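Written out below as structure tokens is the structure these notes cover.
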Amino acid sequence: MIPRTNTLLNKNMKLKSSIFSQILYLISCVLILVSCDSTEPGKETLSLSLEDASSTEVWLKLNGSAEGEYVLQRDGMQVQQISLSGTDNIIYNDSLKPSTTYTYQLIGIQDQSASNKVTALTMDTISHDFTWETFTFGGQGGSSTLYDVAIIDENNIWAVGEIYTANDTYNAVHWDGNGWELKKIANSSYPRSTVYAFNEKDIWFDGTIQWDGYTYSVHNNGFPLDPNGHGWRRNAMWGKSSSDFYVVGNNGNIAHYNGNSWEKIVSGTSTHINDAWGVENNQNQTVVYCPVSSFFVPGEKKVLKIVDKMVETVPWNKNARIYSVWAKSESILYVCGEGVFENKFGRWNEINLQPIGTNSIRGNGLNDIFVVGDYGSKFHFNGSSWRLLNSFNSSKGYSKVAILNNLVVVCGNQQGQGLIEIGIRQ
């Protein structure tokens, strides 16, 4: 007879042996699975992210380096075969439906490596339909025109130019929600070419004149371009605040104001700089775009890019004058002049519109862009299509457009009078 204690000991030893064997088996299974996963097609080794989306387009970024042939899948179906090389590749997919969610994944053809899945929601389209009201100014004492307009809100709009009435001369008009009032900026009737508003108590005229809602103050002291800033036309302003803004003008002039003093920015051109629009890039730097060209004087045709007050040139291979610029981001840029062009992630494309001169472009977003110009032309992009909103009129010419949400204001001239048209989206 075997003693009971030995029987229990043997049972315990067998139990421990069994547990140890099971542990070894589980470990070996895990190792096998890991080994299989490391060579199994479809493993996640590529990092894909959503860069941007419009109503009909999506841009994806493959982070890191990539070499070779890849397949882009959308909702599980192959839509593109792509050759990639280098780092941080941008992948473009178009012909999409507005307001639709898509799921993307990138698969390597050679090694069957796979990226993470990325979801993209395209923007909705927006209405083309506006109701318009027209206002005219001056024209009795001379040919009048309005060069620029700024919207603070629906009850506070400024436009500047030169307005000649039978009895006096003015250089601005102001809308208070009920009507227009003729104005003389800084108590002078000297023509004004540009206006920029940060808010109702911080509005700038011609770069150096500030309105605080009650009084005008002149900031000419130290202005770096010609004595006291006189002698060159200022065409546009753009800024983040009244302590960080740019003024651009004729003969390649650019000036920056920091709230206390002016600094000249070397543009590298002597051709007129017609407009300015800025954005913030992924490094939290201010990026300002400026179109360069002149209608009356031969010169360069190009787009300047100012990053932290340093000027570089955006590659531009079009033989067309450009007068205005609007950017959604550092990667998506629009210009207009002798044609309308878009630059999306480094690639220029001409938009097929009516062959007519365009002078100003502004937008709320990639599904809401306005272009205006000669012969009273107003074009609108709703995210999917461009539309001419009116018939051509040889007596009208638009110089600038401003847009704020569902409110659009266009200024210019009509038969010797200053012209403003206010549009409200339906």
Side-chain angles (χ1 to χ4, degrees), residues 145-151 159-161 193-197 207 233-239 246-250 252-254 267 269 271-279 287-296 299-306 313-314 316 318-329 332-344 348-351 353-366 368-381 386 388-389 396-404 408-413 419 421:
T145 189
L146 293 169
Y147 298 116
D148 198 7
V149 62
I151 305 172
V160 296
S193 56
T194 182
V195 55
Y196 194 86
R233 178 186 172 94
R234 291 155 238 191
N235 294 325
M237 296 175 283
W238 184 89
Y246 293 81
V247 185
V248 301
N250 285 1
N253 282 317
I254 306 175
S267 68
T269 184
T271 308
H272 298 343
I273 302 176
N274 302 304
D275 196 11
W277 187 266
V279 294
V287 179
V288 182
Y289 292 99
C290 305
V292 174
S293 58
S294 174
F295 181 79
F296 299 102
E300 296 181 285
K301 305 178 185 75
K302 62 182 181 180
V303 182
L304 301 181
K305 178 181 179 181
I306 308 171
T313 301
V314 177
W316 170 258
K318 311 294 183 181
N319 186 28
R321 296 183 181 93
I322 43 179
Y323 303 127
S324 187
V325 60
W326 176 77
K328 190 263 183 182
S329 66
I332 300 179
L333 169 70
Y334 286 81
V335 297
C336 73
E338 294 176 329
V340 180
F341 305 87
E342 59 184 4
N343 185 317
K344 296 180 176 179
W348 284 106
N349 173 56
E350 183 171 4
I351 298 169
L353 299 180
Q354 298 281 351
I356 198 163
T358 52
N359 300 317
S360 182
I361 182 168
R362 291 292 184 263
N364 278 322
L366 293 180
D368 195 11
I369 303 172
F370 259 90
V371 177
V372 302
D374 299 339
Y375 297 97
S377 56
K378 292 195 292 275
F379 298 96
H380 179 247
F381 183 64
W386 286 89
L388 177 65
L389 299 186
K396 286 184 180 181
Y398 297 131
S399 53
K400 287 291 178 69
V401 60
I403 181 169
L404 180 66
V408 180
V409 182
V410 182
C411 71
N413 64 80
L419 173 67
E421 294 182 4

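The structure displayed is predicted, hence computed values, not measured ones. Residue indices begin at 1 and follow the sequence shown.
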ask   = Any chance CG of N349 has more than 12 other-residue heavy atoms, nucleotides or ligands included, within less than 6.0 Å?
value = yes
- Trace of the side-chain contact (heavy atoms from CB on, under 4.5 Å) decision for L333 with V325: CA-CA 7 Å; L333 169 70; V325 60; 3.2 Å; yes
side-chain contact (heavy atoms from CB on, under 4.5 Å) assessment of W277 paired with I361: CA-CA 10 Å; W277 187 266; I361 182 168; over 6 Å; no
Practice item. Could you go through the side-chain contact (heavy atoms from CB on, under 4.5 Å) check for I322 and W316 one step at a time? Key: CA-CA 11 Å; I322 43 179; W316 170 258; 3.9 Å; yes
> Could you walk me through whether N235 and R233 pass the side-chain contact (heavy atoms from CB on, under 4.5 Å) check?
Replying inline: CA-CA 6 Å; N235 294 325; R233 178 186 172 94; 3.0 Å; yes
Could you tell me if the side chain of I351 sits less than 4.5 Å from the side chain of Y334, heavy atoms only? yes
Heavy-atom closest pair (S360 atom, S399 atom, distance to 0.1 Å) is CB-O, 3.4 Å
task = Would you please say whether a donor-acceptor pair under 3.5 Å links the side chains of D148 and T194?
result = yes
Heavy-atom nearest pair, K328 first then W326, reads CB-CH2, 3.8 Å
- Does some side-chain heavy atom of K400 sit less than 4.5 Å from a side-chain heavy atom of V409? no
Next on the checklist: Can you confirm whether F381 sits close enough to V371 that some side-chain heavy atom of one is under 4.5 Å from a side-chain heavy atom of the other?
Outcome noted: no
- Task: On the 0 to 90° scale, with breaks at 30° and 60°, tag the W348-F341 ring pair as parallel, tilted or perpendicular.
- Result: perpendicular
* Any ion pair linking D275 and R362 (charged N to carboxylate O, less than 4.0 Å)? -> yes
Closest non-hydrogen contact found for T358 with Y323 is O-CD1, 3.6 Å
Of all heavy-atom pairs linking G161 and Y147, the shortest is CA-CD1, 3.5 Å
Practice task
Give the intermediate values and the outcome of ring-ring contact (aromatic ring centres under 6.0 Å, His included) for residues Y246 and W238.
Solution key: CA-CA 5 Å; Y246 293 81; W238 184 89; 7.2 Å; no
Check: Is the backbone of G249 close enough, under 3.5 Å, to the side chain of R234 for a donor and an acceptor to pair up by distance?
Finding: no
d(I273 CD1, S294 OG) to nearest 0.5 Å is 12.0 Å
When every non-hydrogen atom of N274 is compared with those of V292, the smallest separation belongs to ND2-C, 4.2 Å
Rounded to the nearest 0.5 angstrom, the CD-SG distance for E421 and C411 is 10.5 Å
Return yes if some donor-acceptor pair links the side-chain N/O of N253 with the main-chain N/O of N250 below 3.5 Å, else return no.
-> yes
- prompt: With a 4.5 Å limit on heavy-atom distance, are the side chains of N343 and I332 in contact?
  reply: no
S324 side chain to C336 backbone, donor-acceptor under 3.5 Å: no
Do T271 side-chain atoms and E300 backbone N/O form a donor-acceptor pair below 3.5 Å? yes
Is the closest basic N to carboxylate O distance between K301 and E338 below 4.0 Å? no
Heavy-atom side-chain contact between V248 and L304 under 4.5 Å: no
When every non-hydrogen atom of I356 is compared with those of S377, the smallest separation belongs to CG2-OG, 4.1 Å
S193 meets the side chain to side chain donor-acceptor pair (under 3.5 Å) criterion, sequence neighbours left out, with D206
